[in-house]
Structures are given as structure tokens and as C-alpha cells.
Amino acid sequence: MTTLLIFTVLVLVAIAVWQMTKIFELSQLKADSANSQIANDADNRTNGYLLFGFLIFIYGITIFSFAKYSKVLLPEAASAHGGEYDTLMWISFAIIFFVQTITQALLHYFGYKYRGEEGKKALFYADNDRLEFIWTIIPVIVLAGLIIWGLYSWTNIMDVNDEDDPLIVELYAQQFNWQARYGGEDNVLGDASVRLIDIDRANVLGLDESDPNATDDVIVKELHLPVGRKVNFYMRSQDVLHSAYMPHFRAQMNCVPGMITEFSFTPTITTEEMRLNPDVVDKVKRTNAIRAEQAAQGVPNKDPWEFDYVLLCNKICGKSHYNMQMKIIVETEEEYNKWIAEQGTFGALMASME
């Protein structure tokens with residue numbers, strides 16, 4: 001990476017020197033017309049061909065990028081709202097690429113067709129009301145449709161409510177790790193504040209020990225979710241701005257110090273089911289091939305990788321931001337109930353500290 005940066009800087013310096021040299025030449029008065037900087041027909045024709053060459057280049061790099069990197073995209077959404085989210089995104093992409101393809105072709109074609117030629121005078125239109133109406137009203141209609149659809153989708157996704165008996169979970173962010181807190185048997189989170197954090201008593205989330213709702217709360221470092229059940233997330237940050245990002249569920253919400261933010265979704269695909277997804281199987285195969293090659297070269301920590309859902313931080317929150325993640329397991333209701341029953345409660349933890 002350092003070598004690439006040094007090379008880039010040297011190239012930019014060379015371009016800057018070249019540009020300064022051209023500016024110096026243009027600043028000198030020259031009587032010799034052979035040294036004139038005015039473009040002639042040959043220059044314009046060459047630039048016209050270069051326009052077509054660049055058009056082919058941008059189309060080619062676009063096609064290459066789709067063919068080469070589509071395999072690194074996320075698999076199907078694993079949440080109830082994810083399908084609508086993906087549909088809106090792909091339709092937006094389709095419109096953008098369609099418009100880009102047409103406008104770039106016209107831009108480069110007209111740049112070549114109407115290039116400067118000796119003796120030819122450009123025809124100037126002061127205005128054309130019909131054209132201006134067309135190229136104004138079409139984007140207005142398209143963008144208005146996308147915005148209204150997006151607002152409708154956003155309203156549905158951000159409707160955090162207590163309908164359908166949601167599971168209540170708190171995501172607690174701090175440099176540089178996550179912790180999750182479940183509401184316990186009563187499915188109600190106890191009061192908490194960073195001012196109540198007591199490291200000596202292992203009260204690392206600042207729960208109010210006098211609040212009876214906090215007694216059965218369960219604090220874990222691995223998030224388990226039952227498939228098909230709605231989950232209401234309440235998010236806090238201890239120190240700086242973090243962002244709870246769960247890409248496979250198309251979910252993200254900032255964690256802001258001093259306030260509680262919310263997000264809600266329903267997992268629809270268990271971890272085991274997602275591991276059988278063809279896109280995931282292919283990704284695991286490709287990843288493990290790379291890790292096996294690196295392990296053969298003596299690179300440490302290159303054991304075979306197995307797919308898991310993850311909770312990431314999507315804000316650059318410090319030097320170890322890249323390592324801030326937590327494993328998410330989506331399982332059946334029976335498996336979830338068995339796991340949660342095996343976890344210790346906050347009340348039991350505080351009793352053990354007496």
C-alpha cells in the first residue's frame with residue numbers, strides 16, 4: 001500500500017510539472033504561427049476519436065466490473081423487509097445505468113460529430129422550451145417516484161412497535177466490542193446508564209441494580225435470534241459514535257452516546273439454511289482457497305472459514321474499528337429457548353459479587 005501511495009504521488013507531481021510547463025509556454029508570446037496552440041482540424045479529429053475510445057473504455061470497465069465483482073455482493077436478504085430494500089436498490093441501479101449508458105453515448109457521439117472544422121460555424125440556439133420541458137419533467141417524475149417509494153419503504157422499515165410480541169434486545173457499543181442484553185423472562189429491559197457502570201462489580205453495562213426489571217436481564221457477547229420472530233433492538237453507545245450494521249439483514253442504525261436509538265426486523269433464514277445458499281457456498285469455497293494458500297505460506301490465523309451472520313460497526317470509531325464485530329446466530333425457536341435458558345442473569349451475577 002505504501003508503494004502504491006508513493007507511486008501515485010510521483011505521478012501526480014509529474015502531471016503538475018507538465019501542466020505548469022504548458023502554462024509557461026502559453027504565457028509566452030510567439031509570432032510563429034507553427035507554434036500556435038489553436039487546435040486545427042487534425043487536432044479536433046484526433047480528439048473526436050479519443051472520445052469514442054474513452055466511451056468504449058467506460059463501457060468496457062463497467063461490464064468487466066459486473067462480471068468480475070458481482071460474486072462479492074451480499075446473498076439474498078435474511079430479513080422480512082430485506083426483499084423490498086433490495087428491490088428498491090436494484091431498480092435505482094437499473095435506472096442509473098440506463099440513463100448513464102444513453103447520456104454518455106450521446107455526449108461522446110455529439111462531441112465527435114460536431115467537432116470544430118475550419119470554415120464551419122456553430123449554430124447557437126438561445127433556448128428551446130420543448131426540449132427544456134422534456135429533460136426537466138422526465139427526471140422530476142422518475143426521482144419523485146423513487147423518493148416517494150423510498151419514503152414509504154423507510155416508514156415501514158422504521159416502524160418499531162410492540163405488535164406481534166417482539167423479542168427485546170439491547171445492543172451496547174463501546175470501543176472496540178459489542179455486547180447484547182436480553183430482557184429475560186419478562187422481556188423487559190431494566191434501566192441502565194453509563195453513570196452506573198461499576199467495573200469492580202462487573203456491572204459493565206451500567207444496569208440499575210435497584211430496578212427489578214434488570215434482575216433477569218441476560219448479557220452476552222454472541223447474539224442469538226429466533227427465526228420468524230420480530231426483534232426490537234435498542235442501541236446505546238458508551239463512548240463515541242458507532243453504527244450497528246447487520247448487512248445480511250439489511251439493517252443499520254447509529255449508536256449515539258447519551259441516547260437510545262431503535263431498529264426492528266424479523267429474521268427469515270437461519271444460519272444453517274444460509275450456509276446452504278449457493279452464493280454463500282461459493283464464497284466460502286473461494287475464501288478458503290485463499291486462506292489455504294496463505295496458510296501454506298506460513299501466514300498465521302488462516303484456518304478454514306465458516307459463514308456466520310455478523311454485527312459490525314459501520315463508523316470509523318478508532319484504531320481498532322476494523323475488529324469491532326459480533327457473531328449472530330439465527331436458529332429455531334426451540335434452539336433459541338434452550339440457549340437462553342443456559343445463560344446466567346444479571347441478578348445472579350450481582351449476587352455472586354456479594
Side-chain angles (χ1 to χ4, degrees), residues 1-6 8-9 69 71-75 77-79 82 85-86 89 154 157-158 160 169-182 189 192-197 199 202-207 219-225 231-265 267 271 274 280 283-284 286-288 290-291 294-295 299-330:
M1 179 59 72
T2 302
T3 303
L4 176 61
L5 290 175
I6 293 175
T8 303
V9 170
Y69 299 110
K71 61 186 179 182
V72 303
L73 297 176
L74 290 169
S79 62
Y85 175 96
D86 285 352
M89 180 185 71
W154 175 256
I157 292 172
M158 293 305 299
V160 181
V169 179
E170 177 186 77
L171 297 178
Y172 187 80
Q174 62 183 137
Q175 296 174 311
F176 296 96
N177 66 80
W178 295 96
Q179 294 189 71
R181 177 164 64 110
Y182 293 81
L189 294 171
S193 171
V194 292
R195 297 181 178 85
L196 299 176
I197 293 176
I199 301 299
N203 187 1
V204 294
L205 268 61
L207 272 65
I219 301 172
V220 295
K221 291 184 175 293
E222 184 176 270
L223 185 60
H224 285 240
L225 303 175
V231 184
N232 285 355
F233 291 97
Y234 298 90
M235 307 170 192
R236 289 193 297 144
S237 172
Q238 177 175 306
D239 34 52
V240 299
L241 184 66
H242 298 279
S243 185
Y245 178 44
M246 293 169 273
H248 300 95
F249 305 101
R250 311 302 192 259
Q252 177 175 315
M253 178 55 64
N254 286 344
C255 305
V256 184
M259 66 181 295
I260 297 175
T261 53
E262 304 175 349
F263 200 94
S264 175
F265 67 80
T271 299
M274 185 59 82
V280 173
K283 180 177 181 178
V284 171
R286 288 185 284 105
T287 302
N288 284 334
I290 297 173
R291 293 173 74 91
Q294 293 177 337
V299 179
N301 301 321
K302 293 302 176 183
D303 296 330
W305 172 69
E306 184 176 46
F307 171 84
D308 277 305
Y309 295 123
V310 289
L311 165 64
L312 304 170
C313 177
N314 210 22
K315 286 287 186 293
I316 301 178
C317 56
K319 62 181 181 180
S320 294
H321 154 76
Y322 69 95
N323 200 37
M324 188 171 171
Q325 56 183 283
M326 182 166 65
K327 180 179 177 180
I328 302 175
I329 297 177
V330 179

*Asks:* Do L171 and F233 come within less than 4.5 Å of each other through their side chains, counting heavy atoms only?
*Replies:*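 L171 reaches F233 side chain to side chain.
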*Asks:* Taking atom CG of L189 and atom CZ of R181, what is their separation to the nearest 0.5 Å?
*Replies:*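 Rounded to the nearest 0.5 Å, the CG-CZ separation comes out at 4.5 Å.
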*Asks:* With heavy-atom distances below 4.5 Å as the criterion, would you say the side chains of S237 and V256 are in contact?
*Replies:*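 When only atoms from C-beta onward are counted, V256 and S237 do not touch, as no gap falls below 4.5 Å.
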*Asks:* Is there a donor-acceptor pair under 3.5 Å between the side chain of Q175 and the backbone N or O of C317?
*Replies:* yes
*Asks:* Using a 4.5 Å cut-off on heavy atoms from C-beta on, say whether the side chain of F249 contacts that of I328.
*Replies:*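 Yes; the side chains approach each other to less than 4.5 Å.
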*Asks:* What distance do M326 atom CE and K221 atom NZ have between them, rounded to the nearest 0.5 Å?
*Replies:* 9.0 Å
*Asks:* Working to the nearest 0.5 angstrom, can you tell me the gap between L74 CG and K283 NZ?
*Replies:*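 Taking CG in L74 and NZ in K283, the distance rounds to 7.0 Å.
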*Asks:* Sub-3.5 Å donor-acceptor pair from the side chain of S79 to the main-chain atoms of P267, do we have one?
*Replies:*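 No; judged by distance alone, with no hydrogens or angles, the pair does not exist.
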*Asks:* Decide yes or no on side-chain contact (heavy atoms from CB on, under 4.5 Å) for V330 and M274, but give the supporting numbers first.
*Replies:* CA-CA 10 Å; V330 179; M274 185 59 82; over 6 Å; no
*Asks:* Can you run down the salt bridge (charged side-chain N to carboxylate O under 4.0 Å, His left out) pairs that involve residues 305-321, sequence neighbours left out, and say none if there aren't any?
*Replies:*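 Qualifying pairs, neighbours excluded: R275-E306, R275-D308, D308-K327.
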*Asks:* In terms of ring plane angle, is the pair F307 and H248 parallel, tilted or perpendicular, where the classes change at 30° and 60°?
*Replies:*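 Taking H248 first and then F307, their aromatic rings stand perpendicular (interplane angle over 60°).
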*Asks:* Going through the distances and angles, do F176 and N323 end up as a side-chain contact (heavy atoms from CB on, under 4.5 Å)?
*Replies:* CA-CA 7 Å; F176 296 96; N323 200 37; 5.8 Å; no
*Asks:* Nearest 0.5 angstrom please: R291 CZ to W305 CH2, how far?
*Replies:*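 The CH2 atom of W305 is 9.0 Å from CZ of R291, to the nearest 0.5 Å.
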*Asks:* Which pair of heavy atoms, one from A180 and one from L223, lies closest together, and at what distance?
*Replies:*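 Shortest heavy-atom separation between A180 and L223 comes out as CB-CD1, 3.9 Å.
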*Asks:* Can a donor-acceptor pair be found, under 3.5 Å and without considering hydrogens, that links the side chain of R286 to the backbone of V72?
*Replies:* no
*Asks:* Are R250 and F265 packed together at the side-chain level, in the sense that at least one heavy-atom pair is separated by less than 4.5 angstrom?
*Replies:* no
*Asks:* Near I316 CD1, under 6.0 Å, is it more than 12 heavy atoms from other residues, nucleotides or ligands?
*Replies:* no
*Asks:* Can you measure from CG (N254) to NE2 (H242) and round to the nearest 0.5 angstrom?
*Replies:* 11.0 Å
*Asks:* Kindly indicate whether the side chain of M246, heavy atoms from C-beta on, has any atom under 4.5 Å from the side chain of F263.
*Replies:* no
*Asks:* How close do R236 and V194 get, counting heavy atoms only, and between which atoms?
*Replies:* NH1-N, 4.1 Å
*Asks:* Determine whether C313 and W178 make a side-chain contact, defined as any pair of heavy atoms from C-beta on separated by less than 4.5 Å.
*Replies:* yes
*Asks:* Report yes if the side chains of Q174 and Q179 come closer than 4.5 Å at any heavy-atom pair, otherwise no.
*Replies:* yes
*Asks:* Has the side chain of S193 got a donor or acceptor atom that lies under 3.5 Å from a matching backbone atom of R195?
*Replies:* yes
*Asks:* Side chains of I199 and V204: closer than 4.5 Å at any heavy-atom pair?
*Replies:*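 They are in side-chain contact.
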*Asks:* Kindly compute the distance separating CD (Q294) from CG (N288), expressed to the nearest 0.5 Å.
*Replies:*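 Spacing of CD (Q294) from CG (N288) equals 11.0 Å.
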